[in-house]
Engineer: 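Once you've had a glance at the structure underneath, I'll fire off some questions.
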2 protein chains.
Amino acid sequence: MPRSGGHISAAPPTLADVAELAGVSRQTVSNAVNNPDLLRADTLARVQDAIDKLGYQPNRAARSLRTRASHLIGLRMPALQEGTANAMMDRFVHTFVEAAAETGYHVLLFYGDPADPLDGYDELLRSTAVDAFVVTDTHLGGQQTTWLQSRRARFVSFGRPWTQPDAKHPWVDVDLAYGAEIATEHLIERGHSKIAWIGWHKDSLLGEERRSGWTHAMHTHGLSTTGLASRTEDSISSGKAAADAILDETEPTALVCASDTLAMGVLHSLFERRLRLGEDIAVVGFDDSQVAQTVPPGITSVRPPLEEAARELVKALEELLATPSYAAPGVMLKPVLTVRGSS
Amino acid sequence: MPRSGGHISAAPPTLADVAELAGVSRQTVSNAVNNPDLLRADTLARVQDAIDKLGYQPNRAARSLRTRASHLIGLRMPALQEGTANAMMDRFVHTFVEAAAETGYHVLLFYGDPADPLDGYDELLRSTAVDAFVVTDTHLGGQQTTWLQSRRARFVSFGRPWTQPDAKHPWVDVDLAYGAEIATEHLIERGHSKIAWIGWHKDSLLGEERRSGWTHAMHTHGLSTTGLASRTEDSISSGKAAADAILDETEPTALVCASDTLAMGVLHSLFERRLRLGEDIAVVGFDDSQVAQTVPPGITSVRPPLEEAARELVKALEELLATPSYAAPGVMLKPVLTVRGSS
DNA sequence: ACCATGTCTTGGAACGATCCAGAGTTCTAC
DNA sequence: GTAGAACTCTGGATCGTTCCAAGACATGGT
């Protein structure tokens, strides 16, 4: 039995329905949608009318089956970290979804076991559910990118290929060594000279990167870094412990922290010592999290340009999907310093 | 030309490839995947072997085309609010993606113009891209749900149908009047009697709801609420202004805030007055945001059970998709109070 | 009038899965 | 030993779209 009506029935209208209403063939309707220039103006108008009248929209599954493109980008849900100030990834997801929408792509969020960095990718890849992936935690090692490459999957990464300098996939990253540098110079300008660093362990690539910015700024201005650096875990309690130790020993007048989480740890230490943030001591954090934005009197923080990063990634994705052999140069973006009451 | 190899070629293997390798028909392979009990044990084993050998995974587009089910749940990206402590939706997205994954559903994140609450839904609906939606901001009015209902779309909502008490779609919400009540009672237990309320404007349904919990707790314990309530916008600056006013006028010893954002506004006021949070004055917030978790000495906050909410929603979705006429009763969950240094 | 040229349109095949109806096989019971 | 049921398995049709190759039509030059 042929489909009845189309605009009356509950089932969505199909190409054939539109074709019938407009008095043309299916292919002509398809052309009206995908290659309008192939049609004569009056035919196009007639078909367009029928499309509007029926509220026709191509069926995604059918189109996807034929063209082998889903117009979906896979993004693995970053692990949620309670008790920290790390929300950069959430902001990134937001801006990325928005940027992707502008070019007709939607984002497929999927979940993967946090213990296994590869979990979840395989299924989507094999079922051809997504056209490409966005990989985020490249600083944890090249496992994901290496594996994806071996499976010939298309992907871009937010984060440089730390451990594989010759990787060929497009990537976008933020120069956070530079971020630490401008943070430190901002404090120097404000008259500080004993500026401490509270960062992560030596084996953290991200941590060493950021630290180098602080070191560089200090040395450039002829300031000593001796006894002013400490390295610890990325948690509030260890940030507090590190601040306690360094405040007792070296008495710095300002602190640069590798993350807003560590900065919050410092705040806990100050709270206990009844020191006033921004008056008795200056603090600068990283990531410009909601916490940095809202804590009184506001924490000066290095803000990564996530909107720009998202746009660059989408641009790279488009190129990559258009020309499979596309090898983009990596893009390094510069963060800006958002100055608030803490400095 | 027939597909060559399958396990050698770059193209993913198909049902036919598996069938050929296992020496059975396509349908048998399909049954092995979807209805294993229909097969004889030895046949199943043979097919399973072939599937493993080829790394076969059903093509999502093809399956979706035939079964009219995409196994995707649409979720419109909640608007990002900078400069506030509102990150509940991010936590919700996290837990929802995780809960959905357990039942084989993935989440399709899409973007919609913040000015138009309906933007984005239509396209996905018409192209049959998703099986159902999760709607989140029901307190902004019933526009979305009414429209979806009129289009016969399947959906569940996180948030009760505020303006349509007779709505029939499944929903899950958190009883935040109760939240305000336990927050207030917690402060009463701690010995406070002059407990102020800093909330939202009268036309905010959510705001009045929460306020009623405070009023109820106060009256139950024979405490007066006169001059202790203020209503304002959900922003840090208005929270600060409200706190300034009420601290000057009524001198309460504790404050209950309708959101963590307002609580942060209060903190700004305290900071200026050099009052110590948790010692000179107690503050309780709402949502248990990262900010509440990390600010020294920690803000006591009403924590919505988002994990449970996500699970309930996924359960409702499953029922809804299994039986289209399914009309679930709404589910109201109780929040818990996370006690920290601020009280 | 004829054919070459280009534009516009057409019906059939294909993408890879599931649904359906029926064929082949095995098992049970009389 | 055979009918009948129960269990396995098969081939063809189908979902809605795009690709393909070729047909229909108008236009212009000889």
Side-chain angles (χ1 to χ4, degrees), chain A residues 1-3 6 9-48 50-51 54-71 126-129 131, chain B residues 1-4 6 9-48 50-51 54-71 125-129 131:
Chain A
M1 194 187 73
R3 154 183 319 281
S9 124
T14 71
L15 256 189
D17 296 327
V18 178
E20 196 186 353
L21 181 62
V24 296
S25 73
R26 299 193 317 274
Q27 181 59 40
T28 303
V29 179
S30 176
N31 283 337
V33 174
N34 300 307
N35 300 82
D37 348 330
L38 290 182
L39 299 200
R40 219 169 37 207
D42 61 326
T43 316
L44 179 57
R46 200 150 36 96
V47 173
Q48 201 51 258
I51 288 179
L54 295 179
Y56 170 75
Q57 191 101 8
N59 179 303
R60 259 184 121 91
R63 171 177 271 184
S64 177
L65 174 60
R66 194 64 178 95
T67 63
R68 302 167 171 284
S70 64
H71 281 251
R126 280 220 266 259
S127 61
T128 61
D131 293 346
Chain B
M1 194 186 77
R3 155 184 317 284
S4 70
S9 125
T14 71
L15 207 59
D17 295 327
V18 178
E20 196 186 354
L21 181 61
V24 296
S25 73
R26 298 193 317 275
Q27 182 58 42
T28 303
V29 179
S30 176
N31 283 336
V33 174
N34 300 306
N35 301 82
D37 347 331
L38 291 181
L39 298 201
R40 220 169 40 206
D42 61 327
T43 317
L44 179 57
R46 198 150 37 95
V47 174
Q48 201 52 258
I51 288 179
L54 294 180
Y56 168 75
Q57 190 101 9
N59 179 304
R60 259 184 120 91
R63 172 179 270 185
S64 177
L65 175 60
R66 195 64 178 95
T67 63
R68 301 165 171 284
S70 64
H71 281 252
L125 201 55
R126 280 220 265 261
S127 61
T128 61
D131 293 346

Engineer: To the closest 0.5 Å, what do you measure between CG (A:N31) and OG (A:S25)?
Structural biologist: 8.0 Å

Engineer: Any non-hydrogen side-chain atom of A:D17 less than 4.5 Å from a side-chain atom of A:T14?
Structural biologist: yes

Engineer: What is the bend of the helix from C:dA1-D:dT30 to C:dC30-D:dG1 when you compare the axis at one end with the axis at the other, using five pairs each and rounding to 10°?
Structural biologist: 50°

Engineer: Might you work through the side-chain contact (heavy atoms from CB on, under 4.5 Å) test for A:V24 and A:L39, ending with a clear yes or no?
Structural biologist: CA-CA 11 Å; A:V24 296; A:L39 299 200; over 6 Å; no

Engineer: Under 3.5 Å, is there a donor-acceptor pair between the side chain of B:N59 and the main chain of B:A62?
Structural biologist: yes

Engineer: How many angstroms lie between atom NE2 of B:H71 and atom CG of B:D131, to the nearest 0.5 angstrom?
Structural biologist: 6.5 Å

Engineer: Whole-Å distance between D:dT17 P and A:I51 CD1?
Structural biologist: 10 Å

Engineer: A:N59 CG to C:dA17 P: how many Å, rounded?
Structural biologist: 17 Å

Engineer: B:L65 has an atom CG; how far is it from atom C1' of D:dT18, in whole Å?
Structural biologist: 12 Å

Engineer: Okay, side chain of B:S70, backbone of B:S64: is any donor-acceptor separation there less than 3.5 Å?
Structural biologist: no

Engineer: For the side chain of A:N34, starting at C-beta, report the closest nucleotide among C:dT18, D:dT18, D:dG16.
Structural biologist: D:dT18

Engineer: From B:T128 OG1 over to B:L65 CG, what is the distance, rounded to the nearest 0.5 angstrom?
Structural biologist: 8.5 Å

Engineer: Please report the distance, rounded to the nearest Å, between CG in B:L54 and C1' in C:dG16.
Structural biologist: 15 Å

Engineer: Could you run down nucleotides 6-12 of chain D 5' to 3' and tag each one B, S or - for protein heavy-atom contact under 4.0 Å?
Structural biologist: --SSBBB

Engineer: For the side chain of A:R66 and the base of C:dA14, is some donor closer than 3.5 Å to an acceptor across the two?
Structural biologist: yes

Engineer: Heavy atoms, side chains only, cut-off 4.5 Å: are A:P12 and B:R126 in contact?
Structural biologist: no

Engineer: Nearest-Å distance, CG (A:L15) to C1' (D:dT17)?
Structural biologist: 6 Å

Engineer: Taking the side chain from A:T67 and the backbone from A:R63, do they hold a donor-acceptor pair closer than 3.5 Å?
Structural biologist: yes

Engineer: Round to the nearest Å and state the distance from A:R126 atom CZ to C:dA17 atom P.
Structural biologist: 13 Å

Engineer: Separation of B:D17 atom CG from C:dA17 atom C1', in whole Å?
Structural biologist: 13 Å

Engineer: So, is B:S30 near the phosphate of C:dT18, with a side-chain N or O under 4.0 Å from OP1 or OP2?
Structural biologist: yes

Engineer: Please determine whether a side-chain nitrogen or oxygen atom of A:R68 lies at a distance below 4.0 Å from atom OP1 or OP2 of C:dG16.
Structural biologist: yes

